Amino acid sequence: MASSGRWIRALTRGITKNLQPAGSCTSVRAASGLSKDMLPGPYPRTPEERELAAKKYNMRVEDYEPYPDDGMGFGDYPKLPDKSQQERDPWYSWDEPDLRRNYGEPMHWDFDMFIRNRVDTSPSPVDWNTMVKHLCGFLGFMLIMFYVGEIYPSYQPVAPKQYPYNNLYLENGGSPDEEPPKVHNYVI
């Protein structure tokens with residue numbers, strides 16, 4: 001395989017040098033990214049420009065509202081509602097079901113923030129006051145239980161450590177000439 005690569009390079013060595021201008025480097029431009037048609041244009045100032053921008057983003061003129069012209073560079077890009085994809089209908093036949101969007105539909109400017117594994121803006125089934133009450137109740141109960149545990153400690157019953165060979169009589173400095181005392185680790 002390596003020898004065939006050398007053979008091809010040797011055959012095309014003279015050809016590639018003739019095709020490139022002197023002192024140039026070979027480079028390749030990626031075909032990915034947004035085209036000029038997809039990039040935001042200038043901020044629409046007249047009703048006709050707003051109508052063209054709405055048509056560009058496949059929106060009705062009544063629904064089209066651009067970001068304010070505050071110098072942030074949004075241009076004529078539509079300001080879409082801050083709703084996560086989690087709120088969209090999961091049973092609808094989307095063109096892109098993972099993203100819950102259709103082809104040609106404009107994406108939110110902060111699209112990466114509103115995908116399904118990020119921020120969920122759907123309404124919570126439990127109101128804020130109830131959640132706070134449950135959290136404070138749980139924390140209060142745990143604090144009371146910790147306090148009671150400090151006043152009345154509870155420990156597992158522990159027996160003295162048991163060692164073989166008469167409680168390691170010789171290893172603990174006992175005389176080998178004397179009879180070691182009998183150690184009973186249990187009572188029947």
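On a predicted model such as this, the values are computed, not experimentally measured, just so you know. Starting from 1, each residue takes its place in the sequence as its number.
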**Message:** Between M131 and S124, is the side chain to side chain contact (heavy atoms under 4.5 Å, CB included) condition met? List the steps.
**Reply:** CA-CA 10 Å; M131 286 191 281; S124 174; 4.1 Å; yes
**Prompt:** Looking at R88 and E105, does any basic side-chain N land under 4.0 Å from a carboxylate oxygen?
**Reply:** yes
**Message:** Looking at D95, is its backbone amide N or carbonyl O close enough to the side chain of N102 to form a donor-acceptor pair, meaning the two atoms are under 3.5 Å apart?
**Reply:** yes
**Message:** Rounded at 0.5 Å granularity, tell me how far CD1 in I115 sits from CE in M107.
**Reply:** 9.5 Å
**Message:** Between W128 and V132, is there a side-chain heavy-atom distance shorter than 4.5 Å?
**Reply:** yes
**Asked** Centroid-to-centroid, Y77 to Y57, below 6.0 Å?
**Response** yes
**Prompt:** Linking I/L/V/M/F/W/Y whenever any side-chain heavy atoms sit under 4.5 Å apart, do F138 and I144 land together?
**Reply:** no
**Asked** Taking everything shown except M142 itself, do over 12 heavy atoms lie less than 6.0 Å from its CE?
**Response** yes
**Request:** List the atom of G75, the atom of P66, and the distance in Å for their closest heavy-atom pair.
**Result:** O-CB, 4.2 Å
**Request:** Answer yes or no: is there a side-chain heavy-atom contact under 4.5 Å between R100 and P90?
**Result:** yes
**Message:** Taking atom CD as the centre, does E62 end up with more than 12 heavy-atom neighbours from other residues, nucleotides or ligands that are less than 6.0 angstrom away?
**Reply:** yes
**Message:** Counting C-beta onward and ignoring hydrogens, is there a side-chain heavy-atom pair between D69 and R45 closer than 4.5 Å?
**Reply:** yes
**Item:** Q86 (side chain) donor-acceptor with D120 (main chain) under 3.5 angstrom
**Value:** no
**Request:** Kindly work out whether a path of hydrophobic side-chain contacts (I/L/V/M/F/W/Y, heavy atoms less than 4.5 Å apart) joins Y67 to Y64.
**Result:** yes
**Asked** From C136 SG over to L143 CG, what is the distance, rounded to the nearest 0.5 angstrom?
**Response** 10.5 Å
**Message:** Check for me, please, whether F111 and M72 land in the same ILVMFWY cluster - side-chain distances under 4.5 Å, paths through other members count.
**Reply:** yes
**Item:** Rounded distance (nearest 0.5 Å) linking atom CD of E178 with atom CG of L170
**Value:** 10.5 Å
**Prompt:** Which value, rounded to the nearest 0.5 Å, describes the distance between E51 atom CD and M59 atom CE?
**Reply:** 14.0 Å
**Asked** Between atom OH of Y163 and atom NZ of K161, what is the distance when rounded to the nearest 0.5 Å?
**Response** 5.5 Å
**Message:** With a 4.5 Å cut-off on side-chain heavy atoms, are Y169 and P181 touching?
**Reply:** yes
**Request:** Please examine the side chains of D127 and T130, heavy atoms only from C-beta on, and report whether any two atoms are closer than 4.5 Å.
**Result:** yes
**Request:** For the residue pair E87 and T121, confirm or rule out a side-chain donor-acceptor distance under 3.5 Å.
**Result:** yes
**Message:** Between the side chains of D112 and R118, is the shortest nitrogen-to-carboxylate-oxygen separation below 4.0 Å, so that they form an ion pair?
**Reply:** no
**Message:** Same cluster or not: M145 versus L139, using hydrophobic residues (I, L, V, M, F, W, Y) connected whenever any side-chain heavy atoms lie under 4.5 Å apart?
**Reply:** yes
**Request:** Indicate yes or no for a side-chain donor-acceptor contact from W94 to the backbone of Y103 under 3.5 Å, with no hydrogens or angles considered.
**Result:** no
**Message:** Quick check for you: to the nearest 0.5 Å, what is the distance between D82 atom CG and W109 atom CH2?
**Reply:** 14.0 Å
**Prompt:** Does E65 reach the side chain of P78, with side-chain heavy atoms less than 4.5 Å apart?
**Reply:** no
**Residues R50 and D76 bridged, charged N to O under 4.0 Å** = no
**Prompt:** So, does N172 use its side chain to make a donor-acceptor pair with the main chain of L168 at under 3.5 Å?
**Reply:** yes
**Asked** Considering only heavy atoms from C-beta outward, does the side chain of T46 approach that of E49 to under 4.5 Å?
**Response** yes
